[in-house]
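For reference, the structure discussed in these notes is given below.
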Amino acid sequence: MQNKEIAKHFKLLAKLTDLHGGNTFKSRSYSNAAFQIERLQSQLKNMDMAEVGKMKGFGTAVTSKIDMILKTGELPQVQALMDETPSGIVELMNIKGLGAKKLRTLWKELDIETPGELLYACNENRLTMLKGFGEKTQANIKSSLEYYLQNKKNFHYADIEGEANLILAEIKGKIKSIDIEFTGALRRKAIILDKIEFLTSVKHKEDLKSFFEQVEIDEALMLSGTYESGYPLCIHFYEDGNLANRLFETTNSEAHSELIGAPVLDGKKFETEEAIYKSLGMSFIPPELREGTIEKDLAEKNEIPELLTTEDIKGVVHNHSTWSDGAHSIREM
(Lines give C-alpha, C1' and ligand atoms only; values in the text may rest on other atoms or scores of the structure.)
Protein backbone atom coordinates (compact mmCIF):
# COMPACT_ATOMS: atom_id res chain seq x y z
CA MET A 1 0.00 0.00 0.00
CA GLN A 2 1.34 3.39 -1.05
CA ASN A 3 1.57 6.46 1.19
CA LYS A 4 -1.16 8.23 -0.74
CA GLU A 5 -3.62 5.42 0.02
CA ILE A 6 -2.67 5.46 3.71
CA ALA A 7 -3.18 9.23 3.80
CA LYS A 8 -6.68 8.77 2.35
CA HIS A 9 -7.64 6.67 5.39
CA PHE A 10 -6.62 9.51 7.71
CA LYS A 11 -8.41 12.12 5.60
CA LEU A 12 -11.58 10.06 5.71
CA LEU A 13 -11.25 9.50 9.46
CA ALA A 14 -10.88 13.26 9.97
CA LYS A 15 -13.99 14.00 7.88
CA LEU A 16 -16.07 11.32 9.62
CA THR A 17 -14.95 12.55 13.06
CA ASP A 18 -16.13 16.08 12.22
CA LEU A 19 -19.29 14.75 10.60
CA HIS A 20 -20.28 12.94 13.80
CA GLY A 21 -19.35 15.85 16.06
CA GLY A 22 -16.27 14.15 17.45
CA ASN A 23 -13.23 15.61 19.15
CA THR A 24 -11.94 18.52 17.03
CA PHE A 25 -8.39 18.04 18.29
CA LYS A 26 -8.43 14.44 17.06
CA SER A 27 -9.83 15.33 13.65
CA ARG A 28 -7.09 17.95 13.22
CA SER A 29 -4.43 15.44 14.21
CA TYR A 30 -5.77 12.99 11.60
CA SER A 31 -5.70 15.71 8.91
CA ASN A 32 -2.17 16.66 9.92
CA ALA A 33 -1.12 13.01 9.80
CA ALA A 34 -2.44 12.76 6.23
CA PHE A 35 -0.49 15.88 5.28
CA GLN A 36 2.74 14.57 6.84
CA ILE A 37 2.35 11.14 5.24
CA GLU A 38 1.97 12.63 1.76
CA ARG A 39 5.18 14.64 2.28
CA LEU A 40 7.33 11.63 3.16
CA GLN A 41 10.18 10.84 0.77
CA SER A 42 10.03 7.09 1.56
CA GLN A 43 7.16 4.63 1.52
CA LEU A 44 5.83 3.79 5.00
CA LYS A 45 5.59 0.10 4.11
CA ASN A 46 9.40 0.08 3.92
CA MET A 47 9.97 1.98 7.17
CA ASP A 48 10.30 0.92 10.80
CA MET A 49 7.28 2.14 12.80
CA ALA A 50 9.43 2.86 15.85
CA GLU A 51 11.49 5.27 13.77
CA VAL A 52 8.38 6.77 12.19
CA GLY A 53 7.01 7.50 15.67
CA LYS A 54 10.02 9.70 16.42
CA MET A 55 9.37 11.92 13.42
CA LYS A 56 7.60 15.29 13.69
CA GLY A 57 3.85 14.89 13.37
CA PHE A 58 3.88 11.16 14.09
CA GLY A 59 2.99 9.99 17.58
CA THR A 60 2.01 6.63 19.02
CA ALA A 61 -1.67 7.06 18.06
CA VAL A 62 -0.81 7.82 14.44
CA THR A 63 1.85 5.13 14.01
CA SER A 64 -0.40 2.46 15.53
CA LYS A 65 -3.07 3.35 12.97
CA ILE A 66 -0.53 3.30 10.14
CA ASP A 67 0.58 -0.14 11.28
CA MET A 68 -3.05 -1.31 11.32
CA ILE A 69 -3.65 -0.02 7.79
CA LEU A 70 -0.50 -1.70 6.49
CA LYS A 71 -1.43 -5.02 8.10
CA THR A 72 -5.18 -5.14 7.41
CA GLY A 73 -5.84 -2.53 4.71
CA GLU A 74 -8.38 -0.67 6.87
CA LEU A 75 -9.03 1.18 10.12
CA PRO A 76 -11.64 -0.12 12.61
CA GLN A 77 -12.40 3.48 13.63
CA VAL A 78 -13.29 4.38 10.06
CA GLN A 79 -15.49 1.32 9.63
CA ALA A 80 -17.30 2.00 12.90
CA LEU A 81 -18.13 5.56 11.82
CA MET A 82 -19.09 4.43 8.32
CA ASP A 83 -21.58 1.99 9.86
CA GLU A 84 -23.27 4.95 11.57
CA THR A 85 -23.36 7.07 8.42
CA PRO A 86 -26.15 6.86 5.79
CA SER A 87 -24.77 5.94 2.35
CA GLY A 88 -26.17 9.16 0.88
CA ILE A 89 -24.24 11.23 3.42
CA VAL A 90 -21.04 9.40 2.48
CA GLU A 91 -21.75 10.28 -1.15
CA LEU A 92 -22.33 13.93 -0.25
CA MET A 93 -18.84 14.04 1.24
CA ASN A 94 -17.62 14.13 -2.38
CA ILE A 95 -19.25 17.48 -3.09
CA LYS A 96 -16.69 20.25 -3.52
CA GLY A 97 -17.09 23.08 -1.03
CA LEU A 98 -19.26 21.06 1.35
CA GLY A 99 -17.14 20.39 4.43
CA ALA A 100 -17.94 17.81 7.07
CA LYS A 101 -19.23 20.38 9.58
CA LYS A 102 -21.59 22.00 7.08
CA LEU A 103 -22.76 18.57 5.97
CA ARG A 104 -23.48 17.65 9.60
CA THR A 105 -25.64 20.76 9.92
CA LEU A 106 -27.62 19.84 6.80
CA TRP A 107 -27.99 16.27 8.01
CA LYS A 108 -29.05 17.03 11.56
CA GLU A 109 -31.06 20.23 11.09
CA LEU A 110 -32.71 19.69 7.68
CA ASP A 111 -32.72 15.88 7.76
CA ILE A 112 -30.94 15.77 4.38
CA GLU A 113 -29.40 12.36 3.63
CA THR A 114 -29.08 12.15 -0.17
CA PRO A 115 -27.82 14.31 -3.06
CA GLY A 116 -31.37 14.54 -4.40
CA GLU A 117 -32.72 15.85 -1.10
CA LEU A 118 -29.93 18.44 -0.94
CA LEU A 119 -30.65 19.69 -4.46
CA TYR A 120 -34.35 19.92 -3.63
CA ALA A 121 -33.53 21.94 -0.49
CA CYS A 122 -31.34 24.31 -2.54
CA ASN A 123 -34.15 24.84 -5.03
CA GLU A 124 -36.51 25.65 -2.16
CA ASN A 125 -33.96 28.13 -0.72
CA ARG A 126 -33.94 26.28 2.61
CA LEU A 127 -30.17 26.34 3.17
CA THR A 128 -30.20 30.11 3.71
CA MET A 129 -32.28 29.58 6.87
CA LEU A 130 -29.32 27.88 8.56
CA LYS A 131 -26.59 29.65 10.50
CA GLY A 132 -23.46 29.96 8.37
CA PHE A 133 -25.29 29.41 5.09
CA GLY A 134 -25.87 32.50 2.99
CA GLU A 135 -27.20 32.82 -0.55
CA LYS A 136 -23.68 32.62 -2.01
CA THR A 137 -22.88 29.45 -0.06
CA GLN A 138 -26.13 27.87 -1.16
CA ALA A 139 -25.47 28.82 -4.81
CA ASN A 140 -21.96 27.34 -4.66
CA ILE A 141 -23.20 24.11 -3.10
CA LYS A 142 -25.94 23.80 -5.70
CA SER A 143 -23.48 24.40 -8.54
CA SER A 144 -21.02 21.79 -7.20
CA LEU A 145 -23.85 19.32 -6.59
CA GLU A 146 -25.24 19.68 -10.11
CA TYR A 147 -21.77 19.20 -11.57
CA TYR A 148 -21.26 16.10 -9.42
CA LEU A 149 -24.61 14.56 -10.39
CA GLN A 150 -23.95 15.24 -14.06
CA ASN A 151 -20.50 13.62 -13.99
CA LYS A 152 -20.71 11.03 -11.21
CA LYS A 153 -20.71 8.13 -13.68
CA ASN A 154 -17.74 9.43 -15.65
CA PHE A 155 -14.06 8.72 -15.11
CA HIS A 156 -10.79 10.34 -16.15
CA TYR A 157 -8.67 8.07 -18.33
CA ALA A 158 -5.70 8.56 -16.00
CA ASP A 159 -7.76 7.34 -13.03
CA ILE A 160 -9.33 4.30 -14.68
CA GLU A 161 -6.38 3.02 -16.75
CA GLY A 162 -4.77 1.27 -13.77
CA GLU A 163 -8.00 -0.51 -12.80
CA ALA A 164 -8.55 -1.56 -16.41
CA ASN A 165 -5.09 -3.13 -16.56
CA LEU A 166 -5.74 -4.99 -13.30
CA ILE A 167 -9.01 -6.39 -14.65
CA LEU A 168 -7.29 -7.38 -17.90
CA ALA A 169 -4.55 -9.19 -15.96
CA GLU A 170 -7.11 -10.97 -13.79
CA ILE A 171 -9.10 -12.18 -16.80
CA LYS A 172 -5.95 -13.43 -18.54
CA GLY A 173 -4.85 -15.12 -15.33
CA LYS A 174 -8.08 -17.07 -14.94
CA ILE A 175 -8.83 -17.81 -18.60
CA LYS A 176 -5.47 -18.99 -19.94
CA SER A 177 -6.43 -19.33 -23.60
CA ILE A 178 -8.15 -15.96 -23.94
CA ASP A 179 -7.12 -13.33 -26.48
CA ILE A 180 -8.61 -10.10 -25.17
CA GLU A 181 -7.91 -6.39 -25.67
CA PHE A 182 -9.20 -2.94 -24.85
CA THR A 183 -11.80 -1.30 -27.06
CA GLY A 184 -14.21 1.65 -26.94
CA ALA A 185 -13.24 4.94 -25.33
CA LEU A 186 -10.55 3.14 -23.35
CA ARG A 187 -8.75 2.09 -26.53
CA ARG A 188 -9.13 5.64 -27.86
CA LYS A 189 -7.58 6.88 -24.60
CA ALA A 190 -10.43 9.37 -24.34
CA ILE A 191 -9.97 11.95 -21.59
CA ILE A 192 -13.40 11.18 -20.12
CA LEU A 193 -15.09 7.76 -20.29
CA ASP A 194 -17.99 6.06 -18.56
CA LYS A 195 -16.96 2.39 -18.63
CA ILE A 196 -14.17 -0.13 -19.18
CA GLU A 197 -14.56 -1.99 -22.48
CA PHE A 198 -12.94 -5.17 -23.79
CA LEU A 199 -13.19 -7.23 -26.97
CA THR A 200 -12.72 -11.00 -27.18
CA SER A 201 -14.03 -14.11 -28.89
CA VAL A 202 -17.66 -15.07 -28.29
CA LYS A 203 -16.51 -18.56 -27.24
CA HIS A 204 -15.43 -17.07 -23.87
CA LYS A 205 -18.76 -15.43 -23.13
CA GLU A 206 -20.04 -17.82 -20.45
CA ASP A 207 -16.68 -17.88 -18.64
CA LEU A 208 -16.60 -14.08 -18.49
CA LYS A 209 -19.98 -13.75 -16.78
CA SER A 210 -18.32 -14.68 -13.48
CA PHE A 211 -16.32 -11.43 -13.55
CA PHE A 212 -19.48 -9.34 -13.23
CA GLU A 213 -20.96 -8.45 -9.88
CA GLN A 214 -24.15 -7.77 -11.80
CA VAL A 215 -24.91 -8.39 -15.50
CA GLU A 216 -27.36 -5.75 -16.72
CA ILE A 217 -27.27 -6.45 -20.48
CA ASP A 218 -26.77 -9.92 -21.96
CA GLU A 219 -26.82 -9.85 -25.76
CA ALA A 220 -25.37 -12.15 -28.38
CA LEU A 221 -22.24 -10.06 -28.83
CA MET A 222 -22.09 -8.06 -25.59
CA LEU A 223 -22.13 -8.37 -21.82
CA SER A 224 -22.57 -5.19 -19.81
CA GLY A 225 -22.88 -4.51 -16.10
CA THR A 226 -20.81 -3.92 -12.99
CA TYR A 227 -17.41 -5.40 -12.20
CA GLU A 228 -16.91 -6.74 -8.66
CA SER A 229 -14.97 -3.58 -7.65
CA GLY A 230 -17.89 -1.40 -8.75
CA TYR A 231 -16.59 -0.17 -12.10
CA PRO A 232 -18.94 -0.25 -15.12
CA LEU A 233 -17.73 -3.05 -17.39
CA CYS A 234 -18.66 -3.90 -20.98
CA ILE A 235 -17.28 -6.88 -22.89
CA HIS A 236 -17.87 -7.03 -26.65
CA PHE A 237 -17.50 -10.26 -28.59
CA TYR A 238 -16.52 -11.18 -32.13
CA GLU A 239 -17.31 -14.29 -34.10
CA ASP A 240 -14.70 -16.23 -36.08
CA GLY A 241 -13.28 -14.19 -38.94
CA ASN A 242 -14.84 -10.96 -37.73
CA LEU A 243 -12.22 -9.56 -35.32
CA ALA A 244 -11.17 -6.53 -37.39
CA ASN A 245 -14.77 -5.52 -38.08
CA ARG A 246 -15.80 -5.71 -34.42
CA LEU A 247 -12.65 -3.93 -33.23
CA PHE A 248 -13.40 -1.14 -35.71
CA GLU A 249 -17.09 -0.93 -34.74
CA THR A 250 -16.57 -0.98 -30.98
CA THR A 251 -13.58 1.37 -30.92
CA ASN A 252 -15.01 4.27 -32.92
CA SER A 253 -16.80 7.17 -31.30
CA GLU A 254 -20.26 7.87 -32.67
CA ALA A 255 -18.99 11.15 -34.10
CA HIS A 256 -16.18 9.36 -35.96
CA SER A 257 -18.55 6.80 -37.46
CA GLU A 258 -20.80 9.61 -38.71
CA LEU A 259 -17.84 11.55 -40.09
CA ILE A 260 -16.49 8.71 -42.23
CA GLY A 261 -19.95 7.65 -43.39
CA ALA A 262 -21.28 4.76 -41.31
CA PRO A 263 -22.26 2.10 -42.00
CA VAL A 264 -19.08 1.34 -43.93
CA LEU A 265 -18.73 -2.42 -43.60
CA ASP A 266 -21.80 -3.48 -45.66
CA GLY A 267 -21.47 -7.13 -44.73
CA LYS A 268 -17.84 -7.39 -45.85
CA LYS A 269 -15.27 -9.00 -43.58
CA PHE A 270 -11.85 -7.40 -43.37
CA GLU A 271 -8.57 -8.85 -42.13
CA THR A 272 -7.39 -5.63 -40.49
CA GLU A 273 -8.61 -2.15 -39.57
CA GLU A 274 -6.07 -0.78 -42.04
CA ALA A 275 -7.91 -2.64 -44.80
CA ILE A 276 -11.19 -1.05 -43.73
CA TYR A 277 -9.80 2.45 -44.00
CA LYS A 278 -8.10 1.60 -47.31
CA SER A 279 -11.47 0.53 -48.74
CA LEU A 280 -12.73 4.02 -47.85
CA GLY A 281 -9.84 5.71 -49.61
CA MET A 282 -8.12 6.68 -46.39
CA SER A 283 -4.91 5.93 -44.56
CA PHE A 284 -5.23 4.21 -41.17
CA ILE A 285 -6.59 6.43 -38.40
CA PRO A 286 -5.21 5.56 -34.93
CA PRO A 287 -7.86 4.97 -32.23
CA GLU A 288 -6.76 8.11 -30.35
CA LEU A 289 -7.84 10.30 -33.27
CA ARG A 290 -11.26 8.76 -33.91
CA GLU A 291 -13.31 11.50 -32.26
CA GLY A 292 -15.08 13.05 -35.25
CA THR A 293 -13.02 16.21 -35.80
CA ILE A 294 -10.62 16.59 -38.75
CA GLU A 295 -9.28 13.02 -38.97
CA LYS A 296 -11.17 12.17 -42.18
CA ASP A 297 -9.62 15.04 -44.14
CA LEU A 298 -6.17 14.16 -42.87
CA ALA A 299 -6.60 10.45 -43.69
CA GLU A 300 -7.84 11.20 -47.21
CA LYS A 301 -4.73 13.34 -47.81
CA ASN A 302 -2.49 10.72 -46.16
CA GLU A 303 -1.48 13.34 -43.61
CA ILE A 304 -2.31 11.57 -40.33
CA PRO A 305 0.39 12.75 -37.89
CA GLU A 306 2.49 10.48 -35.70
CA LEU A 307 1.13 10.40 -32.17
CA LEU A 308 3.20 11.84 -29.37
CA THR A 309 4.88 9.38 -26.99
CA THR A 310 6.64 9.82 -23.65
CA GLU A 311 9.94 9.70 -25.56
CA ASP A 312 8.95 12.98 -27.25
CA ILE A 313 8.83 14.86 -23.94
CA LYS A 314 12.17 16.62 -23.54
CA GLY A 315 11.55 18.69 -20.43
CA VAL A 316 9.39 19.21 -17.35
CA VAL A 317 5.68 19.58 -18.14
CA HIS A 318 3.70 20.85 -15.13
CA ASN A 319 4.32 18.17 -12.51
CA HIS A 320 2.46 17.77 -9.20
CA SER A 321 4.31 16.15 -6.29
CA THR A 322 3.02 14.76 -3.01
CA TRP A 323 3.29 18.29 -1.61
CA SER A 324 -0.10 18.76 -3.27
CA ASP A 325 -2.11 16.07 -5.07
CA GLY A 326 0.67 14.29 -6.97
CA ALA A 327 1.53 10.60 -6.76
CA HIS A 328 5.33 10.93 -6.27
CA SER A 329 7.69 12.98 -4.14
CA ILE A 330 10.04 15.58 -5.62
CA ARG A 331 12.97 13.29 -4.89
CA GLU A 332 11.31 10.40 -6.77
CA MET A 333 10.57 12.60 -9.75
Side-chain angles (χ1 to χ4, degrees), residues 1-2 4-5 43 45-46 69-74 153-253 256-257 265 267-277 284-290 307 309-311 327:
M1 182 175 288
Q2 301 296 306
K4 197 165 187 176
E5 296 173 77
Q43 293 296 324
K45 62 183 180 181
N46 300 323
I69 295 169
L70 288 170
K71 288 178 178 176
T72 67
E74 58 184 31
K153 294 183 179 180
N154 293 333
F155 304 90
H156 283 105
Y157 176 83
D159 293 332
I160 208 170
E161 180 192 20
E163 182 67 24
N165 281 315
L166 289 174
I167 297 173
L168 182 62
E170 184 178 359
I171 291 174
K172 287 184 174 180
K174 292 183 178 179
I175 306 177
K176 302 298 182 183
S177 61
I178 197 168
D179 185 11
I180 185 169
E181 59 187 298
F182 294 138
T183 191
L186 189 64
R187 185 176 178 229
R188 299 198 309 273
K189 295 183 173 64
I191 298 172
I192 303 293
L193 56 164
D194 59 7
K195 56 182 171 289
I196 296 172
E197 294 179 82
F198 295 106
L199 176 66
T200 189
S201 170
V202 71
K203 66 183 180 182
H204 298 297
K205 183 177 178 182
E206 291 304 314
D207 293 330
L208 286 164
K209 285 184 178 181
S210 63
F211 289 89
F212 288 83
E213 182 179 70
Q214 180 180 357
V215 175
E216 296 166 4
I217 300 175
D218 183 355
E219 297 178 350
L221 293 177
M222 184 179 74
L223 286 176
S224 184
T226 307
Y227 183 63
E228 55 189 23
S229 63
Y231 284 92
L233 179 62
C234 182
I235 301 180
H236 302 275
F237 300 98
Y238 65 85
E239 297 171 322
D240 288 345
N242 206 35
L243 172 57
N245 287 39
R246 284 293 286 161
L247 186 59
F248 176 78
E249 291 171 340
T250 58
T251 295
N252 297 347
S253 69
H256 178 74
S257 294
L265 301 179
K268 300 177 184 177
K269 289 187 178 181
F270 293 86
E271 289 292 324
T272 64
E273 285 186 304
E274 285 83 354
I276 296 174
Y277 282 105
F284 175 71
I285 301 177
E288 292 87 343
L289 301 182
R290 301 182 198 176
L307 299 182
T309 68
T310 52
E311 286 71 27

Derivation of the side-chain contact (heavy atoms from CB on, under 4.5 Å) call for Asn165 and Phe182: CA-CA 9 Å; Asn165 281 315; Phe182 294 138; 3.5 Å; yes

Step-by-step side-chain contact (heavy atoms from CB on, under 4.5 Å) determination, Leu289 to Leu307: CA-CA 9 Å; Leu289 301 182; Leu307 299 182; 4.0 Å; yes

Chi angles and distances behind the side-chain contact (heavy atoms from CB on, under 4.5 Å) call for Leu221, His236: CA-CA 6 Å; Leu221 293 177; His236 302 275; over 6 Å; no

Intermediate values then yes/no, salt bridge (Lys or Arg N to Asp or Glu O under 4.0 Å), Glu273 and Arg187: CA-CA 14 Å; Glu273 285 186 304; Arg187 185 176 178 229; 2.8 Å; yes

side-chain contact (heavy atoms from CB on, under 4.5 Å) between Ser177 and His204, intermediate numbers included: CA-CA 9 Å; Ser177 61; His204 298 297; 3.6 Å; yes

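Within the model, atoms CD1 of Ile167 and NZ of Lys172 stand 13.5 Å from one another, a figure rounded to the nearest 0.5 Å. Distance check: Ile191 CD1 to Asn154 CG gives 12.5 Å after rounding to the nearest 0.5 Å. Note: Ile171 CD1 to Leu208 CG = 5.5 Å, rounded to the nearest 0.5 Å. Atoms CD1 and CG, on Ile217 and Leu223 in that order, are 10.0 Å from each other to the nearest 0.5 Å. The CD1 atom of Ile285 lies 8.5 Å from the CG atom of Asn252; values are rounded to the nearest 0.5 Å. Atoms SG and CZ, on Cys234 and Phe198 in that order, are 10.5 Å from each other to the nearest 0.5 Å.
Side-chain contact annotation: Arg290 with Ser253, donor-acceptor N/O pair under 3.5 Å absent. Using modelled atom types and a 3.5 Å distance limit, the side chains of Glu74 and Thr72 yield no donor-acceptor pair.
Annotation: side chain of Leu193 is in contact with side chain of Tyr157 (closest heavy-atom distance under 4.5 Å). Residues Leu233 and Phe212 have side chains in contact (heavy-atom distance under 4.5 Å, counting atoms from C-beta outward). Looking at heavy atoms from C-beta onward, Ile180 lies out of side-chain contact with Leu199 at the 4.5 angstrom threshold. In this structure, the side chains of Thr183 and Leu247 come closer than 4.5 Å at one or more pairs of heavy atoms.
In this structure, Glu5 contributes its side chain and Gln2 its backbone to a donor-acceptor pair below 3.5 Å. A donor-acceptor contact shorter than 3.5 Å is absent between the side chain of Lys205 and the backbone of Thr200. Between the Lys189 side chain and the Leu186 main chain, no donor and acceptor come within less than 3.5 Å of each other. Remark: the backbone N or O of Ser201 is not paired with any side-chain donor or acceptor of Asp179 at under 3.5 angstrom.
Surrounding NZ of Lys203 are at most 12 heavy atoms belonging to other residues, nucleotides or ligands under 6.0 Å away. Heavy-atom contacts from other residues, nucleotides or ligands closer than 6.0 Å to CG of Asp240 number 12 or fewer. Environment of CD in Glu271: sparse, with no more than 12 heavy atoms of neighbouring residues, nucleotides or ligands closer than 6.0 Å.
Classification of Lys209 and Asp218 as a salt-bridged pair holds, one side-chain N sitting under 4.0 Å from a carboxylate O. Glu197 has no carboxylate O lying under 4.0 Å from a charged side-chain N of Arg188, or vice versa, which leaves the two without a salt bridge.
Of all heavy-atom pairs spanning Ala244 and Phe270, the tightest one is CB-O, 3.3 Å.
In this structure, Phe211 has its ring center no closer than 6.0 Å to that of Tyr227.
Aromatic ring pairs are classed by plane angle as parallel below 30°, tilted from 30° to 60° and perpendicular above 60°; the pair Phe284 and Tyr277 is perpendicular.
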